[in-house]
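Throughout, a chain's letter reflects where its sequence line sits, starting with A, and its residues are numbered from 1. Atom set for the values below is all heavy atoms of this structure, side chains included, hydrogens, waters and symmetry mates excluded.
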Amino acid sequence: MPELPEVETIARALAPGLIGRVVTGVAVPDVKVLAGPQTRAAFERAIAGREITDISRRAKLLLVHLAPRPEVQDDEDAVLAFHLKMTGRFHIAPTAEAIPVHARLLLRLTDGNALIFSDVRRFGTARLLSPQGLTAWDFYAALGPEPWDMTPHAFEAALAKRTTRIKAALLDQTVIAGIGNIYADESLFAARIRPDAPATSLSPGQRHTLLTSIQAVIERAIAAGGSTIRDYRTPDGVEGGFQHQFAVYGKAGEPCPACGQPLVAIKVAGRTSTFCPRCQK
DNA sequence: CATGCGTCCTGCTTGC
DNA sequence: TGCAAGCAGGACGCAT
């Protein structure tokens, strides 16, 4: 579900309600959510009592930064890294309220609220790491640049050595971080490039246009608060607005917004990919 | 080494 | 209406 714009929207919405609060208690109703090395008990012990100092995002990861506890000897900084995968959601609710059916992890806070991570499909993960552990984590270390940090030169270099179709390259988080199925399709349409075009077949001009398109689409999506297909909500329960601006995602059979020809869906890299066979080459 | 496909889960939608 | 197959925003493990 949540790609870069959704996680960015969530991080911004969560920050004011979390930064400066202290975690008074931890509950893990579904131990499958824990992806780190700790047992459930060790995980709970390692977080309780810490102050939340910051909320940030890298690629599709939401990062909760936790301070050392003064009362714990040699305590170190910690980072709780959430991956929402397809259906992960956050909200903040009074601790006294009923726990949602699909709640996987709860952090109770000093202000009487709790941060609740819910996830219907149970793909989402939470992993507690030291700051050094985070950067040493293979997945994290291999992430490509954020879209706005990607230079045309680096993008071209990354694509030039790929023998895959262009969409598979965009979905590869080691090439560029944060793009998923929605924003891959939307960016490729904006750049007028077919999702199944071999990455090596793109001209330098097409690669440049594609990077510019990615940056523009991601920016517009963040401005709209992300895209709600089904599950995604901000922590306040509000839907995103970018789904109303989709040109092609999920619109197979509908007319191309540019030429009116019916949009077509094919499978690329195992993912449904919608595009205009007339506009995209 | 790089690439592609099945898999992990659950619930909603579609078609018979 | 009922039921089963198909499909979904992601990324990992394994086979090729």
Can you confirm if the aromatic rings of A/F90 and A/F82 lie within a centre distance of less than 6.0 Å?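 Yes: the rings meet the under 6.0 Å criterion.
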Report yes if at least one side-chain N or O of [X] is closer than 4.0 Å to OP1 or OP2 of [N]; otherwise report no.
X: A/Y249; N: C/dG9; answer: yes
X: A/K60; N: C/dG10; answer: yes
X: A/K267; N: C/dG6; answer: no
X: A/Q173; N: C/dA11; answer: yes
X: A/T163; N: B/dT3; answer: yes
X: A/T272; N: C/dA8; answer: yes

Distance between the P atoms of B/dT13 and C/dG9, in whole angstroms? 15 Å
Checking A/V22, A/V64, A/D75 against A/R50 for side-chain contact (heavy atoms from CB on, under 4.5 Å), the one that qualifies is A/D75
State the dot-bracket string of DNA chain B. Criteria: Watson-Crick or G-U wobble, both atom distances under 3.5 angstrom; notation: ( ) intrastrand, [ ] crossing earlier pairs, | interstrand, . unpaired. .|||||||.|||||||
Separation of A/I10 atom CD1 from C/dG9 atom P, in whole Å? 16 Å
How many Å lie between OH on A/Y183 and C1' on C/dA8, as a whole number?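 It works out to 15 Å between those atoms.
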Per-nucleotide protein contact along nucleotides 9-16 of chain B, 5' to 3', at a 4.0 Å heavy-atom cut-off (B base, S sugar-phosphate only, - neither), is BBS-S---
